[in-house]
Each structure stands twice: as structure tokens, then as C-alpha cells.
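This is a predicted model, so every value here is computed, not measured. Protein chains get the first letters and strands the later ones, always in sequence-line order, with residue 1 at the start of each. The figures that follow rest on heavy atoms only: side chains count, while hydrogens, waters and symmetry mates do not.
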There are 2 protein chains.
Amino acid sequence: MAGNNDADGTGLPASVEAAWGLRDRPVKGPKPGLSLDRIVAAAVDVAAAEGLGAVSMGRVAKELGASTMALYRYVSAKEELYLLMQEAAMGTPEPLPALESGADWRAALGEWAWAQRRMFHRNLWALRIPIGGPPASPHSVAWWEQGLQALSGSGLPEGAKISVIMLVSGFVRNEALLMSDIAAAVEEKGVPAEEVMTRWERTLKRLVDPVRHPALVSLLETEDLAEPDHPDHEFVFGLERVLDGVEVLVRKETRGAE
Amino acid sequence: MAGNNDADGTGLPASVEAAWGLRDRPVKGPKPGLSLDRIVAAAVDVAAAEGLGAVSMGRVAKELGASTMALYRYVSAKEELYLLMQEAAMGTPEPLPALESGADWRAALGEWAWAQRRMFHRNLWALRIPIGGPPASPHSVAWWEQGLQALSGSGLPEGAKISVIMLVSGFVRNEALLMSDIAAAVEEKGVPAEEVMTRWERTLKRLVDPVRHPALVSLLETEDLAEPDHPDHEFVFGLERVLDGVEVLVRKETRGAE
DNA sequence: CAGTAGAGCGTACGGCATACGCAGAAGTCG
DNA sequence: CGACTTCTGCGTATGCCGTACGCTCTACTG
């Protein structure tokens with residue numbers, strides 16, 4: 001098995017189906033010495049410790065004490081391994097307190113965004129995985145469901161709800177991607193994060209021309225860009241803006257309905 | 001030249017400085033047969049035609065009728081070539097009508113977002129370039145300057161302005177990245193975009209469990225997700241929400257100031 | 001007319017994903 | 001119990017990739 005993709009026309013790679021319990025292993029031949037779970041776990045360990053770039057088929061196999069080609073009995077291509085790693089990183093969303101207590105949609109959606117951010121920050125390497133097509137996996141579906149439930153009391157039409165979900169999760173993902181970029185830069189060069197930021201600010205100042213960039217000049221004069229005092233600041237600001245924007249829509253919608 | 005990075009402690013790779021006119025070529029040896037511009041242009045052509053994955057040093061060299069290693073006289077590593085390609089893709093921002101006519105900050109910022117989106121969609125391959133650290137290049141600086149100018153009439157403090165700029169451009173980038181993912185999937189498999197979407201919807205329906213995902217079920221029943229009738233729809237919706245959110249802040253800020 | 005800096009590039013190395021086929025293990029069936 | 005089937009692990013090989021190194025030859029400086 002795990003030979004070709006989409007062997008049964010379902011649109012899903014075979015190994016993915018196996019991982020989701022949609023398919024069972026045959027009983028004939030010798031007992032498998034490895035397992036999808038162990039392979040994915042080993043790959044995730046490598047990615048977490050040394051970045052996604054260190055994840056190669058050979059490296060993962062070495063970690064498991066197996067040969068490179070042994071992995072291909074479980075996974076038909078590296079891309080499939082990536083997919084499973086992503087799924088493992090995403091995990092099952094934690095229950096939201098605001099959802100249980102029946103609070104505001106805004107409180108619930110805010111908590112949802114924060115939970116998603118925490119998840120991404122725990123697995124910054126996952127953001128470096130190149131994606132192919134829109135995501136459809138059990139765990140991402142679970143996240144969507146939770147987001148939709150957070151919006152259940154908002155009174156928005158269904159189409160608007162899913163758009164809001166995409167907007168918010170896109171925002172969270174984008175912010176986390178920025179962090180991942182910085183983390184990657186930190187890891188590659190030897191310098192710490194602070195050094196990266198000051199170096200960036202220096203380069204910026206070198207590029208800015210007072211004549212062509214008056215607004216930037218006045219910004220650089222009044223503001224200290226490389227301020228690591230509150231790494232959450234940009235996220236908090238953006239999230240507040242987005243939630244405000246959603247709230248405007250909610251108010252417009254509910255006013256029209258009454 | 002183009003040997004090591006950061007030879008003069010400015011924090012910039014040598015070839016990048018050369019591309020920005022901060023450094024001039026020596027006059028001693030034989031005349032260069034190639035040029036940075038031609039190399040970057042060839043690389044961009046390949047990326048535009050066959051995707052970023054097709055861009056390899058050997059391939060670009062072949063396009064120029066030169067040997068692979070000849071490129072390394074101009075660029076010290078592939079990553080530098082990526083950087084220059086990105087810069088070429090970004091280009092100089094077009095002037096915004098709303099800025100010239102002195103219109104609303106909201107109209108100007110909206111136009112800015114649309115212009116940025118157009119730029120990304122012209123160069124979807126550029127979004128697949130793995131980034132290292134925060135961007136600082138002449139063209140991205142020019143884009144920021146324009147965004148800040150759009151906000152000049154908003155009355156926001158400088159720090160809030162740059163945060164808004166990052167929020168909006170992050171939103172635009174994220175939406176374009178989604179499109180780039182779909183485009184990459186379309187290119188890799190033979191199927192057209194429509195087929196990708198319906199296939200995605202089918203997989204989704206297969207994953208959704210009525211018991212654990214009640215909100216998603218009702219969404220899938222009422223809404224047709226794979227609707228290519230208006231590909232801009234998601235972008236329009238998100239941008240409106242974000243601008244609404246910014247407007248809330250602007251109103252709060254100006255009310256406090258008066 | 002030396003001297004020399006730099007251009008182009010051939011070769012080589014190490015790493016990567018993965019196609020293919022073989023040996024042997026663990027079941028099933030007569 | 002044996003023959004047959006099916007599946008595992010893996011050795012080998014192929015063809016990409018980025019790029020370090022060093023050679024040759026060019027075109028300029030003194």
C-alpha cells in the first residue's frame with residue numbers, strides 16, 4: 001500500500017486515509033517494523049529541534065534506525081509526510097472558556113484567535129511547509145467548527161461567518177509567519193533575535209531617503225521600531241482592529257434584522 | 001566581488017548593494033558578459049512561466065547561454081537571487097489617484113491595498129520565496145512610504161500608522177498566498193482551478209461529522225463553497241472588515257484629540 | 001610590456017527524493 | 001505440512017540540486 005495517490009478515487013492520498021483510520025492495513029505479509037505515527041513523530045521532533053529544513057527522508061529514517069527507503073512503505077512521497085506533520089502540529093483545538101460560559105461572540109472569537117496563535121507558536125516550523133491547495137484535514141475542520149461555534153451567537157449569515165473565520169485565521173497565520181521568519185533568521189545566523197531587529201532597523205535607516213520618504217523619516221524619528229518589550233503588541237493591535245471591523249458588520253446585520 | 005555576505009559590515013549582501021547602485025564594479029579585468037539585471041530578468045521569466053520550483057541556478061544559466069557557475073560571479077548564493085527576484089516583482093508602487101486628489105484616508109488606503117493585491121497577483125511565484133527575517137529593500141520601503149502617506153490625514157499616531165500598514169499588507173499578502181497555493185496545485189496536477197475547488201469541497205464533506213461538527217454541517221447545507229463566480233469576493237469582504245476596524249480606531253483617536 | 005584583478009567555467013562533492021527489484025517474513029489455502 | 005501469495009525492509013542507482021575550488025584567458029594599470 002501507500003503506493004500511488006488516490007488509489008480509490010476519493011481524492012486523498014493513501015497514507016493520509018490510513019492515518020485518519022479510514023483504511024486498515026492488510027494482514028498478510030510480515031509485521032511492519034515501523035508505523036505512521038512513529039514516523040510522523042520522529043519527523044516532528046527533527047523539525048522542532050533543527051527546523052523544517054533538517055527534515056529529509058534519510059534523516060527521519062536514521063532517527064528511527066531504519067533505512068531511507070523503508071519510509072516509502074508508509075508514505076508515498078515527502079509531501080505526504082509534510083501533510084501528516086502539519087496535521088500533527090495543528091492538533092485538536094482546546095475547548096474555549098468563553099464558549100462554555102456562553103459569553104459574547106467577540107470574547108469567544110478572541111479566545112479562538114489566541115488559541116490558534118499559541119498553536120502556531122508551539123510549532124513555528126509547520127508554517128514553513130509549502131501548501132498545495134486549500135487545506136482539508138480532520139484537525140483543520142475541527143478548528144473551523146470551533147470558530148463557527150464562536151460566531152453562532154453573532155446573528156451573521158452563514159456565508160459571512162465562514163468569511164470571518166478565514167479572515168481571522170488568516171490574520172493569525174500571517175503574524176505567526178512573521179515570527180517564524182525571524183526565528184528562521186535567528187537560527188540560521190548565530191545572532192539572537194534582538195540583534196536581528198536592530199540590524200534590520202539600521203538597514204532601514206540606510207535605505208530611507210528624506211526627500212522621497214518623508215513619512216517614513218518622521219516615523220523613524222518618533223518611533224523605536226525594534227522594541228522587544230512587548231512581542232505580542234502587533235498581534236493585540238491587529239486582532240483588536242479585526243474584531244472591531246467584524247463588530248461593525250454584526251451591528252449592521254442585527255439592526256437590519258430587527 | 002559577490003564573494004561573501006556583508007563584507008563591509010553594512011548588513012547587506014554584496015550583490016544586493018550592487019543592484020541598488022550602492023557599489024560600483026571595478027574596472028580592471030575582462031568585461032562582464034552578463035549582468036545582474038539580465039540574470040534576475042531570466043530568473044523571473046522562468047518563475048513566471050513554470051513556477052518558482054523551476055528556478056535553479058543551472059536553469060537560469062541555460063536561459064542566458066552561460067554556464068551554471070558563471071552566475072556566482074554576480075550572486076553569492078541562490079538566496080540572494082531570490083531576494084533580487086522579489087525586489088523585481090514588487091516594483092515601484094503606482095501613484096494612487098486618491099492620494100493625488102486629496103481624498104479620504106480610507107479611500108487612499110483601500111486603493112493602496114488593491115494596488116498591492118494587483119502586484120502580488122501579477123507575480124504569484126514571488127509569494128513562494130522563503131523569506132529570512134523582516135524585509136528591508138528599496139521597493140518595500142517605497143510601498144510603506146505610500147501606505148503611510150495614505151494614512152497621513154487620519155490623525156493616528158505614528159506607531160498606530162505603521163501597525164495599520166502591517167495589518168493591511170499582511171491581509172493582502174495572506175489572501176494572495178491562498179491564490180498562489182491554488183495556482184500551484186493547479187499547475188502541478190493537470191486539473192483546472194474549478195476542479196480543484198469541487199474536489200476540495202467533496203473531501204470536506206467526507207470529513208465533516210454531523211455529530212461533532214454541527215455548525216459546519218449547517219454551513220455546508222446552506223452555502224456553496226466552491227463558487228468561482230466572484231474570485232474577489234473574499235478579498236472585498238476582508239478588506240472592508242479591516243478598514244472598518246481601522247475606522248473605529250481613527251474615530252476614537254480623533255474624538256479624544258478634540 | 002609586465003603584472004594583476006577579475007570573468008567564465010569544468011570538475012567534483014555531498015545531499016536530496018525516489019524508481020526498481022530482490023530477499024525473506026508471515027500469513028492463507030490445498 | 002508444504003506451496004503460494006503478499007507484504008516488509010532495504011541496497012542500489014539515477015538524476016537533480018547548490019556550490020567550493022582552481023584553472024585559463026582577458027583586459028586593464030603601471
Task: Partners passing ring-ring contact (aromatic ring centres under 6.0 Å, His included) against B:Phe235 (at least two apart in sequence or in another chain) - done: B:Trp114, B:Phe171
Task: Given C:dA7, D:dC10, D:dT8, the nucleotide with the shortest approach to the side chain of A:Ala66 - done: D:dC10
Task: B:Tyr72 side-chain proximity, nearest of D:dT19, C:dC16, C:dC20 - done: D:dT19
- [ ] Ignoring backbone atoms, test whether B:Ser67 places a side-chain nitrogen or oxygen under 4.0 Å from the OP1 or OP2 oxygen of C:dG8.
- [x] no
Open item on the list: Using only atom types and a distance under 3.5 Å, with no angle test, would you say the side chain of B:Ser169 pairs donor to acceptor with the backbone of B:Ile165?
Closed with: yes
d([atom1], [X]; [atom2], [N]) in whole Å:
X: B:Tyr74; N: C:dC9; atom1: OH; atom2: C1'; answer: 12 Å
X: B:Tyr82; N: D:dG18; atom1: OH; atom2: C1'; answer: 11 Å
X: A:Lys78; N: D:dC16; atom1: NZ; atom2: C1'; answer: 14 Å
X: B:Ile39; N: C:dC9; atom1: CD1; atom2: P; answer: 11 Å
X: A:Leu64; N: D:dG9; atom1: CG; atom2: C1'; answer: 13 Å
X: B:Glu80; N: D:dG18; atom1: CD; atom2: P; answer: 14 Å
X: A:Leu34; N: D:dC7; atom1: CG; atom2: C1'; answer: 14 Å
X: B:Glu79; N: D:dG18; atom1: CD; atom2: P; answer: 13 Å

TODO: Hey, could you give me each pair passing side chain to side chain donor-acceptor pair (under 3.5 Å) that has a residue in residues 47-56 of chain A? Not counting sequence neighbours.
DONE: A:Glu50-A:Arg59
Task: Pair A:Glu175 + A:Arg117, salt bridge at N-O below 4.0 Å - done: yes
Open item on the list: Is a donor from one side chain sitting under 3.5 angstrom from an acceptor on the other, for A:Glu234 and B:Ser163?
Closed with: yes
Task: 5′-ward residue of the pair A:Met69/A:Arg59 relative to DNA chain C - done: A:Arg59
- [ ] Mark yes when over 12 heavy atoms from residues, nucleotides or ligands other than B:Glu79 sit less than 6.0 Å from its CD; otherwise mark no.
- [x] no
TODO: Using a 4.0 Å heavy-atom cut-off, write out nucleotides 23-30 of chain D from 5' to 3' as B (base contacted by protein), S (sugar-phosphate only) or - (no contact).
DONE: ---BSBS-
- [ ] Remember a base hit wins even if backbone is also touched, and classify A:Met57 as base, sugar-phosphate or nothing at under 4.0 Å, heavy atoms.
- [x] sugar-phosphate
- [ ] Check whether any side-chain heavy atom of A:Asn123 lies under 4.5 Å from a side-chain heavy atom of A:Trp125, and answer yes or no.
- [x] yes
